[in-house]
Number of protein chains: 2
Amino acid sequence: MTKTIDRPKITKMSDLALIAGVSKSTVSRALAGNELVNKETRDRIAALAREHNYRINTKARNFRTKQSLTIGLMVPSSQSKWQINDPFFLELLGSIAIALNERGHELLLSSAKLSAEHGIDELVSQSHCDGLIFIGQADIHQQLNDLASFNHAMVVWGGKLDDQKYVTVGGDNFKGGYEATKHLLSLGRQRVALLGDNTTVEGSMRFAGYRLALEEAGIAFDELLCIRPEAVKNGGMKAVQKCYDSGIRFDALFAFSDILAMAVIRALTPRGVSIPDDVAVVGYDDIALAGYYLPPITSIRQDRELGGQLLVEKLLALLDGEQVASSLLETTLVVRQSSVK
Amino acid sequence: MTKTIDRPKITKMSDLALIAGVSKSTVSRALAGNELVNKETRDRIAALAREHNYRINTKARNFRTKQSLTIGLMVPSSQSKWQINDPFFLELLGSIAIALNERGHELLLSSAKLSAEHGIDELVSQSHCDGLIFIGQADIHQQLNDLASFNHAMVVWGGKLDDQKYVTVGGDNFKGGYEATKHLLSLGRQRVALLGDNTTVEGSMRFAGYRLALEEAGIAFDELLCIRPEAVKNGGMKAVQKCYDSGIRFDALFAFSDILAMAVIRALTPRGVSIPDDVAVVGYDDIALAGYYLPPITSIRQDRELGGQLLVEKLLALLDGEQVASSLLETTLVVRQSSVK
DNA sequence: TTGAAAGCGCTAACAA
DNA sequence: TTGTTAGCGCTTTCAA
């Protein structure tokens with residue numbers, strides 16, 4: 001009786017070692033590119049591995065080396081669901097994924113909501129990743145600080161705060177707010193309204209920029225022109241409608257996001273207000289669709305490619321035990337037809 | 001000399017076992033909620049774990065159990081970069097993340113491009129996940145089939161094909177195309193143009209629906225009215241402009257995505273064409289921004305919440321060794337002002 | 001330059 | 001109901 005000898009399936013290092021006629025350790029070293037192993041032997045083992053379709057077991061490897069080459073991404077949200085309704089975040093996400101991948105890491109998406117019982121630290125220790133990227137500080141600055149002091153490798157997309165213990169990468173919100181407003185004023189507009197939440201970290205800085213620009217132009221700040229989006233669906237549009245219908249008039253508006261800028265346009269157009277003739281509008285973030293709108297939206301651009309790259313670089317540096325500083329990214333004004341015909 | 005006895009840091013199960021006065025195995029069972037262990041003991045150990053801030057080592061656990069509770073998500077792209085420029089995919093991504101999380105799984109984002117040297121199977125074996133979700137079949141149907149026959153747990157968002165060996169969840173593209181066209185015809189429009197790539201799996205089915213609707217209305221198909229977006233930035237807009245400027249006229253247009261519908265509107269509006277008076281436009285996907293556009297865009301809605309949920313359920317069932325069938329999701333027409341005043 | 005051996009922290013078969 | 005024991009597949013000292 002002849003046994004059918006089909007090539008045995010190579011699933012572990014020891015199998016490959018057997019075939020190669022060397023020890024497990026040598027295979028391990030060879031596959032890791034360790035120079036201790038003869039270049040010749042190394043190549044031979046690599047070839048053998050390829051030939052037998054052997055792939056190192058990452059789970060065993062990660063377990064043994066106590067690292068995963070995986071980075072977790074969290075989008076803090078006080079809401080119950082994973083709410084990346086902000087296209088900007090999504091675009092940033094893409095650039096982070098690319099940057100990580102180029103460096104041989106994987107990206108783990110955490111849809112986890114933060115709550116009292118399930119704090120961040122629980123998430124962190126549960127998640128199978130070496131480091132963390134947070135997109136947005138929202139209202140969890142304190143929690144982030146706590147986490148950072150626990151010595152977790154983490155970076156945050158957002159603004160820099162005085163007492164902050166974590167590393168951030170973020171656009172210059174102050175400058176962005178300043179430039180948006182200045183642009184509107186330079187068009188000769190006198191009554192520049194504001195639409196956005198100025199209680200968040202980012203919002204308050206944009207607000208400060210807005211105020212400075214007004215001040216420099218010698219225009220008094222008018223609380224009535226500060227519109228807060230309501231916390232409901234189409235909240236931005238409703239707030240603007242309410243404001244306008246109450247008789248308040250303005251000839252320009254700076255919105256804290258492109259989505260809000262679109263809301264303004266949708267609110268005012270049906271009321272016979274022409275954009276930009278009657279009201280010039282500037283948004284923020286310059287999301288892809290900003291240029292697709294009608295009229296195309298003037299916006300403050302934040303470089304998400306660079307942002308994602310920096311977040312990743314800093315985090316990996318942190319993991320290597322290096323000292324890392326926060327970065328403030330340049331913003332640029334992209335002029336389109338929502339402000340200038 | 002007195003030794004300072006600070007509470008030892010509990011990092012492994014055996015430590016906790018020592019404290020609890022039981023064996024490692026019992027702790028393991030207790031923490032896993034195994035009913036074999038006395039409810040009393042179980043609770044005691046759980047309390048102890050919490051008290052000592054012990055968290056099970058997931059890497060060791062995953063290694064041992066040969067599973068990771070992690071699902072990989074891939075967006076096939078022939079491009080060199082991770083191109084989720086399609087907002088619909090991003091919204092689907094969100095619902096997948098939520099569905100996975102509710103079931104205790106994590107989501108690994110693969111930004112990997114597919115190429116000749118680095119095929120899918122390599123990606124799969126490299127990645128640390130139990131199963132895979134593909135968003136879109138694009139042009140890799142054959143590769144997906146190969147992969148599926150290799151017995152990989154995988155589900156695909158997309159259309160169902162005859163020779164397909166993998167499980168899909170997707171909208172009814174045929175019906176979607178049919179309804180979009182029928183809607184336009186029901187408005188009394190006679191010359192319904194089409195904007196989209198009808199060579200993809202999804203596109204060809206929408207195209208078939210379009211043709212059927214025309215046929216039923218007794219309107220001859222006109223090749224000239226089929227506009228293909230160019231493979232460049234703003235390709236949709238350019239293609240429509242070129243078509244229009246060459247003198248071709250139509251009174252309605254069905255676009256294969258909302259983004260394309262926006263492109264149509266941007267292309268025609270400056271030429272004095274009124275939407276929807278002169279040309280009624282229908283898009284596809286009903287992305288969040290479709291309702292935000294000016295005019296708001298009539299669109300074929302695909303239920304992404306349900307889609308994400310089904311993808312996840314099917315994949316987990318597959319992992320449990322169950323037999324799973326593909327799903328065709330209902331589409332609904334959402335009428336807005338781009339087609340009806 | 002290579003091999004032998006120990007062990008990462010956990011689970012699960014088997015025994016008690 | 002609990003404990004004992006034997007690994008999972010890999011990396012890494014240490015010794016040769």
Side-chain angles (χ1 to χ4, degrees), chain A residues 8-46 48-49 52-70 104 106 124-130, chain B residues 8-49 52-70 104 106 124-130 319:
Chain A
K9 181 120 194 199
I10 304 303
T11 80
K12 8 200 271 195
M13 235 174 214
S14 51
D15 296 348
L16 193 63
L18 220 59
I19 294 182
V22 296
S23 75
K24 231 174 28 161
S25 338
T26 303
V27 174
S28 172
R29 292 190 190 105
L31 258 29
N34 191 322
E35 304 242 322
L36 277 178
V37 179
N38 250 334
K39 168 115 178 63
E40 204 176 297
T41 326
R42 248 188 295 158
D43 290 348
R44 192 168 58 84
I45 293 179
L48 235 34
H52 289 271
N53 209 25
Y54 167 76
R55 233 90 50 141
I56 205 161
N57 181 322
T58 1
K59 292 202 186 81
R61 179 177 210 289
N62 286 344
F63 168 51
R64 179 57 232 239
T65 58
K66 295 174 191 299
Q67 54 150 27
S68 62
L69 292 185
T70 297
E106 307 239 35
V124 172
S125 52
Q126 296 279 17
S127 71
H128 326 154
C129 50
D130 300 330
Chain B
K9 181 119 195 199
I10 304 303
T11 81
K12 8 200 268 192
M13 235 175 216
S14 50
D15 296 348
L16 193 62
L18 221 59
I19 294 183
V22 295
S23 75
K24 227 171 38 160
S25 338
T26 303
V27 174
S28 172
R29 292 190 191 104
L31 260 29
N34 192 322
E35 305 242 321
L36 277 177
V37 179
N38 250 335
K39 168 115 178 63
E40 203 177 299
T41 326
R42 247 187 295 158
D43 291 347
R44 193 168 56 84
I45 292 178
L48 234 36
H52 289 272
N53 208 26
Y54 167 76
R55 232 92 49 143
I56 204 162
N57 180 323
T58 359
K59 292 202 187 83
R61 179 177 209 288
N62 286 344
F63 167 51
R64 180 55 231 241
T65 58
K66 294 172 191 296
Q67 54 148 31
S68 62
L69 293 185
T70 297
E106 307 237 36
V124 172
S125 52
Q126 296 280 17
S127 72
H128 327 153
C129 50
D130 301 329
L319 283 170

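A note on names: the letters A, B, ... follow the listed sequences, proteins ahead of strands, and every chain is numbered from 1.
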Of dG9(C), dG3(C), dC10(C), the nucleotide closest to the side chain of Val22(A) is dG3(C)

Between dT11(C), dG9(D), dC10(C), which nucleotide has the shortest distance from any of its atoms to the side chain of Ser28(B)? dT11(C)

Once you apply a heavy-atom cut-off of 4.0 Å, does Lys24(A) come out as touching a base, just sugar-phosphate, or nothing? base

dT2(C), dC8(C), dC8(D): which one has an atom nearest the side-chain heavy atoms of Arg64(A)? dC8(C)

Short side-chain N/O contact from Asn38(B) to OP1 or OP2 of dT2(D), under 4.0 Å: yes

Please evaluate the base of dT13(D) for a donor-acceptor partner in the side chain of Arg29(A) within a cut-off of under 3.5 Å? yes

At under 4.0 Å between heavy atoms, what does Thr11(A) touch on the DNA or RNA strands: base, sugar-phosphate, or nothing? nothing

Heavy-atom nearest nucleotide on DNA chain C taken for Phe63(B) and for Thr26(A); more 5' hit belongs to Thr26(A)

Heavy atoms from C-beta onward define the side chain here; which of dG9(C), dT2(C), dG9(D) lies closest to that of Lys12(A)? dG9(D)

Classify Ser25(A) by what it touches in the nucleic acid, base, sugar-phosphate, or nothing, heavy-atom distance under 4.0 Å. base

Rounded to whole angstroms, how far apart are CG on Asp43(A) and P on dT1(C)? 14 Å

Of the listed nucleotides (dG9(C), dA13(C), dT11(D)), which one gets closest to any side-chain atom of Met13(A)? dT11(D)

Return no unless some side-chain N or O of Tyr54(A) is found under 4.0 Å from OP1 or OP2 of dC10(D). yes

